[in-house]
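Some notes on the structure that comes next.
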Amino acid sequence: MDAPGREWWREAVCYQIYPRSFQDSNGDGIGDLEGIIRRLDYLNDGTPHSLGIDAVWLSPTYPSPMADFGYDVADYCDVHPDFGTLATMDRLIAECHRRGIRVLLDWVPNHTSDQHPWFIESRSSRESPKRDWYIWRDPRPDGSPPNNWRSVFGGPAWTFDERTGQYYLHSFLKEQPDLNWRNPEVEAAMLQTLRFWFERGVDGFRIDVIGRILKHPDLPDNPPNPEWRPGDRERFSQLWLYNHNYPDVFNAVKRIRKVFDEYPGRVAVGEVFGTPEEIARFYGDADSPGLHLAFNFHFIHERGHAITPWEAPVLRRIIANAEATVPPFSQPCFALNNHDRSRFVTRQNHDGRGLERARAAPLLLLGLRNTPFLYYGEEIGMADVDIPPERQQDPARFRSVGRDPERTPMQWDASPGRGFTTGEPWLPFGPPSPNVAEQDGDPDSLLSLYRRAIWLRKELPALRAGSVANLGGDEAVVSWRRQTPGAPGVAVAVNTATVPARAQLPFPRGRIVLCTVRAREGERTGGEVELPPLGAAWIAEEA
Ligand code: TEU
Ligand code: CA
């Protein structure tokens, strides 16, 4: 499937599937692996009529009590019956590979489910041989938790276990106790779970919140966050100094990488948070690498939870920081959407023009030097769905923000079941439109724009493998050039203003090869191009 030594992930376009919400095949209203298999041709059937995806990332499908919908794993080496069986996963992997699609699973190393046999054993007694597989501590003299750490979902990060008289640490829900990665038995056991799936042909992993797997050994209090104001998210009331991106994490990442390197062509993509410099640390060094790729979520939110505005100067800064910090032996990894964040169309709809910005979004994401991740439904412009209280599912809703609105079922058509299920969906649908069926045959649809962008990216060497140059523009426009020796350059220009704007081009003669206004494609350009309001274009250099 791959020329030896050519690392597929450098030129890949990846697609995140939230398995519960992609395709249900047995009418129980919950998406499953058989359902995903049935939709693989939509993702890539080798023709430009498909999206042309090179890899899929599946959010967790492991046995789990589903307290956090799979991010509470009770068995790392099996499949939850709601999703299918190991045999179904084997078939999915085979069917993907037959279409040239790589398969990334989701690895959750920071915590297990409290129903995982390891934790059941660990909490059974203080003398348990697995007691030290988790982080247990005595209460403070006044009975309060061992330190002031907060759960990401709100509340203390500690829960008291009456029977053994100690607190255990959980960075997320109490149903998600943190593993003690300072215990070499834990590390060995977890690394073995990677080999289990590599042996079954899995091509890599998206690694869940890897920045938290090692904490300061003394578990000291975190200092207060001086910028925090009452009303801000509780979890930002502290600076996560001792339980997030703690220095020892980066060495552990290098040890994890070694297991990936035991199997050719496997890729490690980390879910990380922090400054551009902190993100870059996860890549390691040329002679002792860490992750192949580390997510940069700055197009979604840069610091804290503030939504990143779709404004040229901000986008330009994010691109410049990533290009300046990511080590030369790798590249950035951007996403505009995922299962934890409000969808782009909704985030950027403050003036009712979110869908227009969503047409420019793929030209930015796919026009940059990076390994981009799309999120199911993004390609048809799905928005957040308001979920009535009685239908809400996400536990984060109680003390943080519920993520159900960005996790609703894929809209394949406008029928009552949206082509997703013949049963009652686990989360309510959005309005009948947008959906794939209405956009499939429409050359001006967002879906068609995503397809053209992805296939053009494969075709044009400068976009597939080129460096970024001439990053520039002004208050309205962000633009850059992609270039690679022996091939024409491609200019990318994005207008974030609601009025037309001119973009200066880095070459005197070109031709628009992709534009948010399809009718402009084929147009010749001189040294500049006029962009429609909120519009974007890719211009190929001409001799
Ligand atoms: O998320 C890690 C994380 O810290 C945030 O994305 C957080 O979940 C979010 O801000 C809450 O609003 C990962 C997974 O992506 C997420 O779905 C899981 O809930 C979490 O880890 C725990 O496994
Ligand atoms: Ca199902």
Side-chain angles (χ1 to χ4, degrees), residues 1-17 54-62 71 73 76-78 89-90 92-93 96-97 100-112 179 181 184-214 245 248-272 279-296 326-333 335 370-373:
M1 204 154 48
D2 231 7
R6 188 171 79 82
E7 293 164 316
W8 63 270
W9 51 271
R10 291 184 188 278
E11 299 177 1
V13 174
C14 307
Y15 187 92
Q16 179 192 0
I17 290 176
D54 303 295
V56 291
W57 151 33
L58 304 188
S59 279
T61 58
Y62 311 106
Y71 283 95
V73 179
Y76 288 92
C77 301
D78 203 342
M89 183 65 88
D90 292 344
L92 183 146
I93 295 166
C96 280
H97 288 174
I101 300 174
R102 309 266 170 168
V103 177
L104 307 183
L105 296 185
D106 205 315
W107 192 52
V108 186
N110 179 68
H111 45 267
T112 70
L179 281 164
W181 272 77
E185 291 174 7
V186 168
E187 181 168 320
M190 283 302 289
L191 296 181
Q192 207 43 40
T193 66
L194 293 172
R195 296 188 183 93
F196 172 87
W197 291 107
F198 287 150
E199 296 290 337
R200 301 185 88 90
V202 163
D203 303 287
F205 286 87
R206 173 267 188 191
I207 306 179
D208 191 59
V209 71
I210 191 161
R212 285 181 178 268
I213 64 173
L214 279 162
N245 293 351
D248 296 350
V249 165
F250 303 103
N251 297 327
V253 169
K254 291 179 177 180
R255 296 195 297 275
I256 293 167
R257 170 59 181 267
K258 288 197 166 50
V259 175
F260 282 75
D261 292 345
E262 292 170 11
Y263 299 81
R266 269 47 174 215
V267 68
V269 186
E271 181 204 27
V272 306
I279 294 170
R281 282 191 74 183
F282 283 93
Y283 288 88
D285 316 296
D287 54 7
S288 63
L291 299 172
H292 297 81
L293 295 163
F295 268 115
N296 181 322
V326 171
F329 56 82
S330 187
Q331 60 194 38
C333 176
N370 83 121
T371 300
F373 277 74

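These figures come from a predicted structure and were not determined experimentally.
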Would a 4.5 Å heavy-atom cut-off, applied to side chains only, mark Ile213 and Pro109 as touching? yes
Backbone N/O of Cys14 and side chain of Trp57: donor-acceptor pair under 3.5 Å: no
Min side-chain heavy-atom separation Asp203-Val103 under 4.5 Å: yes
Rounded to the nearest 0.5 Å, how far does OG1 of Thr193 lie from CG of Asp78? 13.0 Å
How close do Ala280 and Pro327 get, heavy atom to heavy atom, and via which atoms? O-CD, 4.2 Å
Work out which heavy atom in Trp9 is nearest to a heavy atom in Gln331; give both atom names and the distance. O-NE2, 3.9 Å
Nearest heavy-atom pair of Pro60 and Val108: which atoms, and what distance? CG-CG2, 4.2 Å
So, do Leu194 and Ile256 sit near enough that their side-chain heavy atoms are less than 4.5 Å apart? yes
Are any non-hydrogen side-chain atoms of Val269 and Phe373 less than 4.5 angstrom apart? yes
In Å, rounded to the nearest 0.5 Å, how long is the span from CZ of Phe295 to CD1 of Ile210? 12.5 Å
Could you check whether any side-chain heavy atom of Val267 comes within less than 4.5 Å of a side-chain heavy atom of Arg10, counting everything from C-beta outward? no
For a 4.5 angstrom cut-off between non-hydrogen side-chain atoms, does Leu105 reach Tyr62? yes
My understanding is that only residues two or more places apart in sequence, or in another chain, count here; which of them pass salt bridge (charged side-chain N to carboxylate O under 4.0 Å, His left out) with Lys258? none
Report the distance from atom CE of Met89 to atom OG1 of Thr61, rounding to the nearest 0.5 Å. 3.5 Å
Considering all heavy atoms, the nearest Ala286-Phe329 contact: N-CE2, 3.3 Å
Please name the pair of heavy atoms, one in Ala294 and one in Cys333, separated by the smallest distance, quoted to 0.1 Å. O-CB, 3.6 Å
I need the single residue from Asp261, Asp248, Asp285 that forms a salt bridge (Lys or Arg N to Asp or Glu O under 4.0 Å) with Lys254. Which is it? Asp285
Atom CD1 in Ile101, atom CG in Asp54: separation rounded to 0.5 Å? 8.5 Å
Checking the side chain of Ser330 only, and the main-chain atoms of His292 only, is there a donor and an acceptor separated by less than 3.5 Å? yes
Aromatic contact between Phe250 and Phe282, with the criterion being ring centroids under 6.0 Å apart: yes or no? yes
Would you indicate whether the side-chain heavy atoms of Arg195 and Glu262 approach each other to under 4.5 Å? yes
Please work out whether the ring planes of Phe198 and Tyr263 are parallel, tilted or perpendicular, with thresholds of 30° and 60°. tilted
Report the C-alpha distance between Leu214 and Val249 in whole Å, list the side-chain angles of each, state the deciding distance to 0.1 Å, and finish with yes or no for side-chain contact (heavy atoms from CB on, under 4.5 Å). CA-CA 5 Å; Leu214 279 162; Val249 165; 4.0 Å; yes
Please report the interatomic distance CG(Leu92) to NE2(His97), rounded to the nearest 0.5 Å. 9.0 Å
Testing the basics here: between Tyr71 and Ser59, what is the closest heavy-atom pair and its distance to 0.1 Å? OH-OG, 3.0 Å
With a 6.0 Å cut-off on ring centres, are Phe196 and Tyr76 close enough? no
Tell me, with the steps shown, if Trp197 and Phe205 meet side-chain contact (heavy atoms from CB on, under 4.5 Å). CA-CA 10 Å; Trp197 291 107; Phe205 286 87; 3.6 Å; yes
Within-4.5 Å side-chain heavy-atom neighbours: Asn296 and Val326: no
Taken to the nearest 0.5 Å, the spacing of Leu293 CG from Ile207 CD1 works out to 10.5 Å
Would you please name every residue forming a salt bridge (charged side-chain N to carboxylate O under 4.0 Å, His left out) with Arg266, sequence neighbours left out? none
Step-by-step side-chain contact (heavy atoms from CB on, under 4.5 Å) determination, Glu187 to Arg255: CA-CA 9 Å; Glu187 181 168 320; Arg255 296 195 297 275; 2.7 Å; yes
Applying salt bridge (charged side-chain N to carboxylate O under 4.0 Å, His left out) to Arg206 and not counting sequence neighbours gives Asp106, Asp208, Glu271
